[in-house]
Amino acid sequence: MIANLQDAYKSRWLAVDTETNALDPRWDPQFKCLGISIAFRNELGVMCSEYYPINHWDSNETEDTINEVRWLITTHPGLVFHNAKFDLVVLDRMGIKPTGDYLDTMLMAHWIDENLFSKELDWLGKRFLGRGKAMTPELDSVINSFGWGLVPGAFMKKYASTDAELTFDLCMKFMKKWNDEGYAGALWAREQEFLALISRMERQGIVIDTDFCKEQIDIGERTMQELLFKVGFNPSSNPQLGEYLINQMGLPVVKNTKTGRPSFDKYAMAEYEEILEQREDATAQNILAYRGWQKTVSSNYRAYLDLLCTDGRLRPNFLLHGTRTGRLSCRKPNLQQIPKSSDHPWNGGLKRAFLGSEGYRLLGFDYSNLELRLAAIYAREDALIDAFNAGFKPFDELAARLNKPRNLCKNLTYAILYGGGINRIKNLFGLDWQAAKELREEFFRVYPNLQETIQYASNLSKRRGYVSLWTERRRHFDRRDDDAHKAFNSIIQGGAAELVKSRQLAVAREIDWDTCRMILSVHDELVFESADPKWEPIIKEIMMDVNGLNPNFHKVAFPVESKIWGLAA
DNA sequence: TTTTTTTGCGCC
DNA sequence: AAACGGCGCAAAAAAA
């Protein structure tokens with residue numbers, strides 16, 4: 001049914017979907033919005049939808065109609081998108097700035113059940129509505145022959161509005177649970193502000209030193225070639241590694257993969273390296289160097305150049321629905337996994353590939369032991385709280401109490417925070433089952449409340465099917481799955497993400513984007529480019545100021561360390 | 001041949 | 001009794 005635009009105002013919610021020429025709306029000068037679909041149901045429940053072609057090469061709506069649509073979207077009190085972060089940028093590029101509220105079915109699906117297999121429109125449509133996107137052989141062949149950007153407007157009309165229809169119906173489907181779980185108010189308002197901030201960070205992007213990347217690719221390729229020659233087989237091929245190390249050299253299988261095949265990961269290789277060293281055979285070392293270079297060149301240096309926008313900036317995609325715990329994830333490229341500075345020649349200098357804009361300096365701000373501090377508060381674990389407040393380093397403190405090496409204590413703490421059991425401790429430290437059990441008990445003798453709280457969270461998730469973060473956002477658990485042991489970790493990992501998010505917004509409200517821009521968010525670290533040294537103490541102070549967030553957060557401090565980004569910590 | 005799974009590895 | 005949490009990416013191997 002063709003929509004009368006006047007009717008659209010009578011609907012509380014209006015689904016909006018944009019079609020584009022597939023270029024990146026965040027920066028590409030050639031980007032175009034081809035058209036806009038809207039969908040809603042009228043008073044009789046009849047679906048009304050329409051596609052308005054705007055920038056097709058053949059036929060478009062009249063100026064008057066397009067202006068009506070622009071006005072509708074600008075003034076309608078409630079829009080619904082599927083992946084609003086994208087559509088809002090598209091609308092912004094067209095000079096359309098919605099003034100009403102909006103919802104996002106992708107994020108609704110994620111918040112209601114973060115465990116869903118997919119949050120794509122097509123998948124959700126099939127799962128919740130029994131119908132997916134309108135893909136037909138006819139549409140496929142038209143896209144193939146014309147290319148996406150050149151599909152005729154009249155043809156697009158037949159298909160494009162189904163996405164908006166799906167979005168509208170999904171929204172209605174999700175609405176009850178969305179409201180019941182308490183997301184409709186302040187929590188979603190904050191997320192909208194956060195979405196805008198992330199979008200702004202993405203549009204800003206980060207400057208890449210392309211000469212440095214090219215130079216490193218060159219060194220890497222030459223080095224790999226030499227190593228390949230020395231080794232004599234493909235170091236990335238496990239069967240070939242097995243042939244050499246096990247069959248030819250007669251070395252033992254030191255580790256197996258989950259499918260039972262011999263494993264040659266870097267830990268296993270370290271053992272082979274030790275044995276071969278005595279025989280003056282550098283093969284293991286060469287294999288590690290080869291794989292190190294290959295990983296870095298393909299996943300970092302070359303990926304950065306391939307994904308670089310033509311204005312010299314790299315713009316990753318931060319996903320607000322990327323993790324079950326509520327953290328962000330980051331793609332294309334993943335700038336949350338930039339190798340840290342080290343003396344490895346293949347990746348130890350990677351941060352040098354990132355530059356501030358001309359006149360700006362990159363600054364990183366890190367929370368120290370963020371999750372452990374939250375764990376201490378949640379568990380009311382006085383031993384840990386007191387240690388933090390006395391200024392002790394938590395792992396030194398534990399090392400003293402257990403009379404064990406600091407590094408063991410650190411690994412042990414994180415293993416347990418992550419829900420690890422006796423088996424995990426056994427494998428981690430190469431202990432037998434009994435020793436692992438005792439070590440775990442020793443740990444919990446120091447932190448008894450932690451043990452109780454981990455158990456409590458686990459029981460709660462099993463009984464209720466979810467646990468709540470301090471913001472009242474929920475982390476759901478299917479009672480049929482055996483992952484209740486993740487509950488406590490979710491509370492502190494998700495809680496940490498929510499804490500950072502809140503402070504990130506607070507910082508964003510204070511800084512002046514002309515002289516200070518937020519660039520990256522890496523879980524417990526924020527990266528800025530700043531043209532004025534005055535921002536460093538300001539940012540630090542805002543990040544550390546968490547007392548207003550929750551009545552329990554005053555129990556320990558949340559210190560933040562700042563450093564010039566890229567320089568070794 | 002193309003698609004999916006496995007493996008390894010970078011980060012917090 | 002047993003369970004280490006959360007990601008994304010690329011190359012090789014296996015499956016289709």
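In what follows, chains are A, B, ... by sequence order, proteins preceding strands, each numbered from 1.
- Nearest to the side-chain atoms of A/Asn334 among the listed nucleotides C/dA2, C/dG6, C/dC7 stands C/dC7.
- As a whole-Å value, the separation of A/Leu417 CG from C/dA3 P is 19 Å.
- No donor-acceptor contact under 3.5 Å links the side chain of A/Arg331 to the base of C/dC7.
- In the set C/dA10, C/dC7, B/dC12, B/dC12 carries the atom at the smallest distance from any side-chain atom of A/Arg327.
- Put simply, the side chain of A/Lys295 and the base of B/dC9 share a donor and an acceptor less than 3.5 Å apart.
- Using a 4.0 Å heavy-atom distance criterion, A/Asn238 is classed as a sugar-phosphate-only contact.
- Across the C1' atoms, C/dC4 and B/dC12 are found 14 Å apart, a figure rounded to whole Å.
- At least one side-chain heavy atom of A/Leu439 sits less than 4.5 Å from a side-chain heavy atom of A/Lys404.
- Residue A/His485 has its side chain nearest to C/dC4 when only C/dA2, B/dT7, C/dC4 are considered.
- Side-chain proximity of A/Gln337 to the nucleotides B/dC9, C/dG8, B/dT7 is greatest for C/dG8.
- Look at CG on A/Asn115: it is 14 Å from P on C/dG5, rounded to the nearest Å.
- Closest contact between the side chain of A/Lys258 and the listed nucleotides C/dC4, C/dA11, B/dT7 involves B/dT7.
- For A/Asp482 and C/dA1, the CG to P distance is 14 Å, given to the nearest whole Å.
- In this structure, the nucleotide among B/dC9, C/dA12, B/dT7 sitting nearest to the side chain of A/Asp265 is B/dC9.
- Judged by distance alone, with hydrogens and angles left aside, A/Gln493 brings a side-chain donor or acceptor within reach of the base of C/dG5, the pair sitting under 3.5 Å.
- Following rounding to the nearest Å, A/Leu428 (CG) and C/dA2 (P) show an atom-to-atom distance of 18 Å.
- Counting only heavy atoms from C-beta outward, the side chains of A/Arg203 and A/Val89 approach each other to under 4.5 Å.
- Here the nucleotide nearest the side chain of A/Pro239, chosen from C/dA13, B/dT7, B/dC9, is C/dA13.
- Contact annotation: A/Asn423 does not reach the phosphate of C/dA2 (side-chain N/O to OP1 or OP2, under 4.0 Å).
- When rounded to the nearest whole Å, the span between CD1 of A/Ile422 and P of C/dA3 equals 9 Å.
- Comparing B/dT7, C/dC4, B/dG10 by their nearest atom to the side chain of A/Arg261 picks out B/dT7.
- Looking only at side-chain heavy atoms (C-beta outward), A/Glu541 and A/Val560 stay at 4.5 Å or farther from each other.
- Within the 4.0 Å cut-off from OP1 or OP2 of B/dC12, at least one side-chain nitrogen or oxygen of A/Lys340 is found.
- The aromatic ring centres of A/Phe395 and A/Tyr414 sit less than 6.0 Å apart.
- Across all strands, A/Phe488 comes closer than 4.0 Å to no nucleic acid atom at all (heavy-atom distances).
- As judged by a 4.0 angstrom heavy-atom cut-off over every strand, A/Ser263 is placed among residues touching the sugar-phosphate backbone only.
- Pairing each heavy atom of A/Pro316 with each of A/Pro333, the nearest pair is CB-O, 3.3 Å.
- The phosphate of B/dG10 has neither OP1 nor OP2 within less than 4.0 Å of any side-chain N or O from A/Ser299.
- Nearest to the side chain of A/Ser298, among C/dA10, C/dC7, B/dT6, sits C/dA10.
- Looking at which nucleotide of DNA chain C each of A/Tyr290 and A/Cys330 is closest to, the 5′-most match is held by A/Cys330.
- Look at A/Thr257 and you'll find a side-chain N or O under 4.0 angstrom from OP1 or OP2 of B/dT7.
- Contact annotation: A/Lys486 reaches the phosphate of C/dG6 (side-chain N/O to OP1 or OP2, under 4.0 Å).
- At whole-Å resolution of the value, CD in A/Glu498 and P in C/dG6 are 16 Å apart.
- Counting any heavy atom pair closer than 4.0 Å across all strands shown, A/Ile338 reaches sugar-phosphate atoms only and no base atom.
- Closest to the side chain of A/Arg424, out of C/dA10, C/dC4, B/dT7, is C/dC4.
- Between A/Phe117 and A/Trp123, the angle of the ring planes lies from 30° to 60°, which puts this pair in the tilted group.
- Atom CD in A/Gln451 sits about 17 Å away from atom P in C/dC4, given to the nearest Å.
- In this structure, A/Asn234 places its CG atom 11 Å from P of C/dA11, rounding to the nearest Å.
- Among the protein residues, A/Arg475 comes within range of the sugar-phosphate backbone only, with heavy atoms under 4.0 Å from sugar or phosphate atoms but none that close to a base.
- Shown here is A/Arg380, whose CZ atom has no more than 12 heavy atoms of other residues, nucleotides or ligands within 6.0 Å.
- Among the heavy atoms of the strands lying under 4.0 Å from A/Asn347 are primed sugar atoms or P, OP1, OP2 only; no base atom is included.
- Here the straight-line distance linking atom OH of A/Tyr466 with atom CD of A/Glu181 works out to 7.5 Å at 0.5 Å rounding.
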